[in-house]
Amino acid sequence: MNATHENEMFERIASIKKKIIRHSKYDQALHSIETVFRMRNLTGLSEHLFCIGQSGTGKSTLKKQLKQIYPNVELTDRELKPYLCVDTPSKPTIGNMAEEVLKQLGEANYFKGSVAYKTNQILFLLRELDVKLVVLDELQHFINHGNRQAAAEVSDWLKRLIDNSSACFVLMGLERASDILKVNEQLRRRFSQQIKLPPFSIANKDDMAEFAGVLAHLDKELGLEARLVLTPTLVKQIHFATNGIMDYMVKIFVGAFTVSVNRELSQITNEALEAAFTQYVWDEGKGNLNPFNDGFCWSRLDKPNMPFYRISV
């Protein structure tokens, strides 16, 4: 492959990885968040949402798009932040969570003072910078390792923070993050409206059609000379190879595109998909453990040591 062709391949890969792939569940989630933002902006009333989903189903993409929709606003004396996104530390306490919020608010002395002082600083800056929407992601870190006490403490802290703020809050995380709501009835009532970003399903005709439509879009965006023929069998194979998770769908198509370009193929083939699964998804996925192999076992690859095994939700 000459340098020109390689550069073109890299540009197409970069483009597809940056692109937001829209689908019904993603659009519903975005619409729900935009609705509470508009209501807050118009009336001053704040509603709150809880957004959960497996890793790779679109939460990070959603956060990035919200940042594009609600950019910071430069004033002569300060920078307003209508949208604030905070990731929970991997080993969180209420103290370092408060510090992370302060850092994202631009507070240089985020580490100073007690939890109560930091919380008051957060409330002051939320008002001062006119923050209307706050996303707190990776909330499951608070209840990892079965730490119910930490979940109870953070739920109580969040309730007080939310009650004393005029911003809308969106809590995000894996499914187990919902344990935070189980330990505090008052917080659960505030987050009764939930958004779910599940993997794609092929359980019925409509689900399969939506999944196939996204696959066709990925294939078209990568732009090889001929389109991939998405037979019902191939759609099912791709679902087994990705578990319906968007991140893996992009991986498998980018991988198959790379294989196809390197082999000078005019379209993505079953053989390219088989090679891509082993190279880009699971290096042990060969023979009857590769969904694109003729001898595939047609069993979900969700057992221990397989790519879609989930230790917990």
Side-chain angles (χ1 to χ4, degrees), residues 16-17 21 23-26 52-61 140 144-146 173-179 196-222 224 227-260 262-263 265 267-313:
I16 200 71
K17 288 191 173 184
I21 310 298
H23 56 89
S24 63
K25 294 296 184 184
Y26 181 91
I52 57 175
Q54 292 183 33
S55 179
T57 55
K59 296 189 300 300
S60 295
T61 302
Q140 74 278 354
N144 281 351
H145 314 298
L174 304 181
E175 290 97 321
R176 63 181 179 272
S178 60
D179 283 358
K196 294 185 179 180
L197 282 171
F200 287 93
S201 171
I202 54 171
N204 57 53
K205 185 177 179 181
D206 290 341
D207 288 344
M208 182 170 278
E210 180 172 39
F211 182 60
V214 174
L215 301 180
H217 178 73
L218 288 169
D219 180 49
K220 181 180 179 181
E221 287 294 315
L222 286 167
L224 286 175
R227 300 279 69 80
L228 178 65
V229 180
L230 288 164
T231 64
T233 298
L234 182 56
V235 170
K236 187 176 179 181
Q237 286 174 299
I238 296 172
H239 196 271
F240 273 75
T242 62
N243 226 32
I245 296 171
M246 178 63 79
D247 187 50
Y248 282 106
M249 291 158 62
V250 173
K251 276 186 171 69
I252 203 79
F253 267 81
V254 167
F257 169 74
T258 303
V259 170
S260 300
N262 287 334
R263 296 181 182 180
L265 303 174
Q267 68 179 141
I268 292 174
T269 64
N270 201 81
E271 291 75 16
L273 288 164
E274 182 174 356
F277 180 77
T278 303
Q279 186 172 350
Y280 296 95
V281 177
W282 187 32
D283 60 359
E284 295 181 29
K286 301 172 184 176
N288 67 353
L289 293 178
N290 189 310
F292 305 103
N293 186 279
D294 290 339
F296 180 55
C297 60
W298 289 106
S299 179
R300 289 289 172 188
L301 302 173
D302 55 7
K303 308 300 185 295
N305 301 317
M306 290 184 171
F308 309 121
Y309 175 64
R310 303 176 68 200
I311 297 173
S312 66
V313 296

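Keep in mind the model is a prediction, meaning the values are calculated, not measured. Excluded from the calculations below are hydrogen atoms, water molecules and symmetry mates; all remaining heavy atoms, backbone and side chain alike, are included.
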### Task
Please confirm whether the backbone N or O of Asn288 pairs with a side-chain atom of Asn293, one donor and one acceptor, at under 3.5 Å?
no
#### Entry: Flag, side chain of Thr57 to backbone of Ile245, donor-acceptor distance under 3.5 Å
no
Let me confirm one number: the [atom1]-[atom2] distance from [X] to [Y], rounded to the nearest 0.5 Å.
X      : Y      : atom1 : atom2 : result
Ile268 : Leu224 : CD1   : CG    : 5.5 Å
Tyr280 : Phe253 : OH    : CZ    : 14.5 Å
Phe308 : Trp282 : CZ    : CH2   : 9.5 Å
Met208 : Lys236 : CE    : NZ    : 7.5 Å
Lys17  : Lys251 : NZ    : NZ    : 7.0 Å
Leu289 : Phe240 : CG    : CZ    : 13.0 Å

Within a strict 4.5 Å, meaning less than it, do heavy atoms of the [X] and [Y] side chains meet?
X      : Y      : result
Leu215 : Leu234 : no
His239 : Arg300 : yes
Glu175 : Gln54  : yes

Which pair of non-hydrogen atoms, one from [X] and one from [Y], has the smallest distance, and what is that distance?
X      : Y      : result
Asn290 : Glu274 : ND2-O, 2.9 Å
Ser260 : Ala272 : OG-CB, 3.6 Å
Pro198 : Lys25  : CD-CG, 4.1 Å
Thr242 : Ile252 : CG2-CG2, 3.9 Å
Pro291 : Phe277 : CD-CE2, 3.6 Å
Ala203 : Ser201 : N-OG, 2.9 Å

### Task
Hey, can you tell me if Phe211 and Phe200 have their rings parallel, tilted or perpendicular (30° and 60° cut-offs)?
tilted
### Query
In terms of ring plane angle, is the pair His23 and Tyr26 parallel, tilted or perpendicular, where the classes change at 30° and 60°?
tilted
### Whether over 12 other heavy atoms sit under 6.0 Å from Asn204 CG
yes
### Message
Within the supplied structure, the quantity of interest is the number of heavy atoms (other residues, nucleotides, ligands) at a distance under 6.0 Å from Lys303 NZ; does it exceed 12?
### Response
yes
### Residue from Leu228, Thr258, Ile16 passing side chain to side chain contact (heavy atoms under 4.5 Å, CB included) with Leu222
Ile16
#### Entry: Verdict with supporting geometry, Leu301 and Asn243, side-chain contact (heavy atoms from CB on, under 4.5 Å)
CA-CA 8 Å; Leu301 302 173; Asn243 226 32; over 6 Å; no
### Audit row: Leu230, Asp219, side-chain contact (heavy atoms from CB on, under 4.5 Å) steps and yes/no
CA-CA 10 Å; Leu230 288 164; Asp219 180 49; 5.9 Å; no
### Task
List the steps, then state whether side-chain contact (heavy atoms from CB on, under 4.5 Å) holds for Val259 with Glu271.
CA-CA 9 Å; Val259 170; Glu271 291 75 16; over 6 Å; no
### Task
Let me see the working for Thr231 and Gln237 under side-chain contact (heavy atoms from CB on, under 4.5 Å), right down to the final yes or no.
CA-CA 10 Å; Thr231 64; Gln237 286 174 299; 5.8 Å; no
### Query
Asp247 and Ser55: side-chain donor and acceptor closer than 3.5 Å?
no
